[in-house]
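Notes to accompany the following structure.
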Amino acid sequence: MEYTGNSSKLSFIPYIIGTVFIFTVTFAIAATIGGDYISHREWAAELSLRNLPGFMQNYAAYPLWHFVTKSIYRIFRFSLCDSAAITTALCNCFAYWSLLWVWDFFIQKPLSPLGKAFWGACLMIVGPLYLPVFNPDYLLGQGSGNAWHNPTNIAVKGFTILCFALIIQLLDSQKSIREERKTYILLSILLFFSALAKPSFLQGMIPGLGLYFIISLLHNRRNFAKYCAIAGTFIPAAGLLLFQLTFSFFTDTAIHSGGGIGIEFGRCLKLYTPSLFISFLLAFAFPLFVLALDFKNLIKKTAIQAVLCYELCAWAESAFLYEIGERERHGNWIWGSYLSMFVVWMLFTFEYFDIISVKTGSKIRRNIGLYGGGILLFLHMAFGLLYCFSLINEA
């Protein structure tokens, strides 16, 4: 029996519940912990349209989060702390809805609204596996796609999801560039807003996409015009990125001295982990399991090829690059790898549910996928949730 009307309305209830959950958890964390939130709140209080150029040169060259926080603070008269927490929670809800929106684009067998809402919420809290010998700090060293201690990296997450999905859509499209011009324009706009939120996505995606283009062109040069068109969508955002790099790393500002960028393997990450290799496995245990489970089929997909290039470049930046000077330990070249990690987790979780939904093939292989993957995913979720609770109980 097929229901319409009320059933379609009821299908939104799981999404609403998931949204409330993400908002509540994010607000509770953002209103509790200090660290980066304190600095960004103070900067937001100083922001106005009149001093925007000076603000971007001296405090944050990516003012989107600060602008929204200041607007909420001025309009609704909440405290600055609550305004910052509300902004961060709304940004994470935007990322959650972006994830739900792109889910069916990447998979063949859709999940029910309840399944998408639940597992989407789980993706927003998963973290690395916990082995105190290698990650006593839990986050630093191995990182996480859900890093809670920086509001602007949360602000860019939703744009990251949408931009990556549009890039894959254009790469897979059989339509001409003219027929897809609206998608190219939309992508360019979203890329620019991602840079306004934080340049973390661009810093990993630009070299990652470039690597994908090079490898792809070695096999098929017919896509050269399409790749040039996609690269063209990055031009406005790349212009802003150059401005941001200049004032973030090479210029003396009101909050730091511009010492430049250094290159040394593990210079920053080794401050927090005794083994980059083990820490990488702790962060990517589930996605690596899924990749091994169906490598032959997965590696043929454009999205998987692109995300592996993206992750390789973003992780290499975090491993080799560091900021020279007083902010060396801040790890400002690590943010891009946190975002790429989230996209990797997102895609391989999508693929996992696609794989275990197939009823054909070896029963042993299906059981390994179902139970082995299920256990790993549960552990990542459990540690991520415990980490959230530990942050909320910091005060």
Report task. Give a yes or no answer on whether the side chain of Asp82 reaches the backbone of Phe78 with a donor-acceptor pair at less than 3.5 Å. Result -> no

Report task. Would you sort out whether Phe280 and Phe284 count as a ring-ring contact (aromatic ring centres under 6.0 Å, His included), showing the intermediate values? Result -> CA-CA 6 Å; Phe280 185 89; Phe284 287 96; 4.5 Å; yes

Query raised in the report: Do Thr87 and Pro151 have side-chain heavy atoms sitting under 4.5 Å apart?
Result: no

Query raised in the report: Run the side-chain hydrogen bond (donor to acceptor under 3.5 Å, both in side chains) check on Thr349 and Trp119 step by step: do they pass?
Result: CA-CA 9 Å; Thr349 302; Trp119 292 112; over 6 Å; no

Query raised in the report: Taking Thr26 for the side chain and Ile22 for the main chain, is one N or O donor matched with an acceptor at less than 3.5 Å?
Result: yes

Query - Note, Ile261 side chain near Phe250 side chain (heavy atom, < 4.5 Å) - result: yes

Query raised in the report: Should the heavy atoms of other residues, nucleotides or ligands under 6.0 Å from CZ of Phe243 be counted, would the total exceed 12?
Result: yes

Query raised in the report: Which atom names give the shortest non-hydrogen contact between His149 and Asp36, and what distance separates them?
Result: O-CB, 3.2 Å

Requested in this report: Verify the cluster assignment for Leu114 and Ile13: are they in a single hydrophobic cluster under the rule of side-chain heavy atoms below 4.5 Å apart?
Outcome: no

Requested in this report: State, yes or no, whether a side-chain contact exists between Phe118 and Ile17 at a heavy-atom distance under 4.5 Å.
Outcome: no

Query raised in the report: Side-chain contact, heavy-atom cut-off 4.5 Å: Arg366 with Ile356?
Result: no

Query raised in the report: If only atom types and distance count, is the side chain of Asp104 paired as donor or acceptor with the main-chain N or O of Pro110 below 3.5 Å?
Result: no

Query raised in the report: With under 30° as parallel and over 60° as perpendicular, where do the rings of Phe27 and Phe23 fit, or are they tilted in between?
Result: parallel

Query raised in the report: Hey, are the side chains of Trp335 and Asn332 touching, using non-hydrogen atoms and a 4.5 Å cut-off?
Result: yes

Report task. Could you label the plane-to-plane angle of the Trp345 and His380 rings as parallel, tilted or perpendicular, counting under 30° as parallel and over 60° as perpendicular? Result -> perpendicular

Query raised in the report: Run the side-chain hydrogen bond (donor to acceptor under 3.5 Å, both in side chains) check on Gln203 and Ser200 step by step: do they pass?
Result: CA-CA 5 Å; Gln203 76 181 54; Ser200 307; 4.7 Å; no

**Report entry** Any donor-acceptor pair under 3.5 Å from Asn150 side chain to Asn153 backbone
**Finding:** yes

Report task. Of all the heavy-atom pairs spanning Ala147 and Ile154, show the shortest one and how long it is. Result -> O-CG1, 3.9 Å

Query raised in the report: Aromatic rings Phe286 and Tyr352: how do their planes relate, parallel, tilted or perpendicular, breaks at 30° and 60°?
Result: perpendicular

Requested in this report: Take the angle between the ring planes of Trp65 and His40 and call it parallel below 30°, perpendicular above 60°, tilted in between.
Outcome: perpendicular

Report task. State, with a plain yes or no, whether a side-chain heavy atom of Thr32 is found less than 4.5 Å away from one of Tyr37. Result -> no

Query raised in the report: Among Phe192, Phe164, Phe201, Phe94, which one satisfies ring pair (Phe, Tyr, Trp, His ring centres under 6.0 Å) with Phe159?
Result: Phe94

Query raised in the report: Is any side-chain N of the basic residue among Lys70 and Glu46 closer than 4.0 Å to the acidic one's carboxylate O?
Result: no

Query raised in the report: Would you say the side-chain atoms of Ser337 pair up with the backbone N or O of Ile334, donor to acceptor, closer than 3.5 Å?
Result: yes

Query raised in the report: Are the side chain of Thr152 and the backbone of Ala155 linked by a donor-acceptor contact shorter than 3.5 Å?
Result: no

Query raised in the report: Within the side chain of Glu323, is there an N or O that forms a donor-acceptor pair under 3.5 Å with the backbone of Gly331?
Result: no

Query raised in the report: Taking the side chain as C-beta and beyond, is there a heavy-atom pair between Thr302 and Tyr212 under 4.5 Å?
Result: yes

Query raised in the report: Of the non-hydrogen atoms in Pro128 and Phe383, which two are nearest, and what is the gap between them?
Result: O-CB, 3.6 Å

Report task. Taking Gln244 for its side chain and Ala61 for its backbone only, find out whether a donor-acceptor pair lies under 3.5 Å. Result -> yes

Query - Within 6.0 angstrom of Ile263 CD1, more than 12 heavy atoms from elsewhere - result: no

Query raised in the report: So which heavy atom on Cys309 is nearest to which on Gly208, and how close?
Result: CB-O, 3.4 Å

**Report entry** Shortest non-hydrogen contact from Pro113 toward Pro14
**Finding:** O-CB, 3.9 Å

Query - Parallel, tilted or perpendicular: rings of Phe320 and Phe265 (30°, 60°) - result: tilted

Report summary line: Gly141 and Leu269 have their tightest heavy-atom pair at O-CD2, 3.9 Å

Report task. Can you establish whether the number of heavy atoms outside Tyr371 located under 6.0 Å from its atom OH is more than 12? Result -> no

Query - Ala254 backbone acceptor or donor facing Asn58 side chain under 3.5 Å - result: yes

Report task. For the pair Asn135 (side chain) and Leu131 (backbone), establish whether a donor and an acceptor sit closer than 3.5 Å, ignoring hydrogens and angles. Result -> yes

Requested in this report: Give a yes or no on whether Tyr59 atom OH has more than 12 heavy-atom contacts from other residues, nucleotides or ligands under 6.0 Å away.
Outcome: no

**Report entry** Minimum side-chain heavy-atom gap Glu328-Arg267 below 4.5 Å
**Finding:** yes

Requested in this report: In sequence, state the C-alpha distance, the side-chain angles, and the governing distance for Tyr73 and Ser79, and then conclude on side-chain hydrogen bond (donor to acceptor under 3.5 Å, both in side chains).
Outcome: CA-CA 7 Å; Tyr73 174 67; Ser79 69; over 6 Å; no

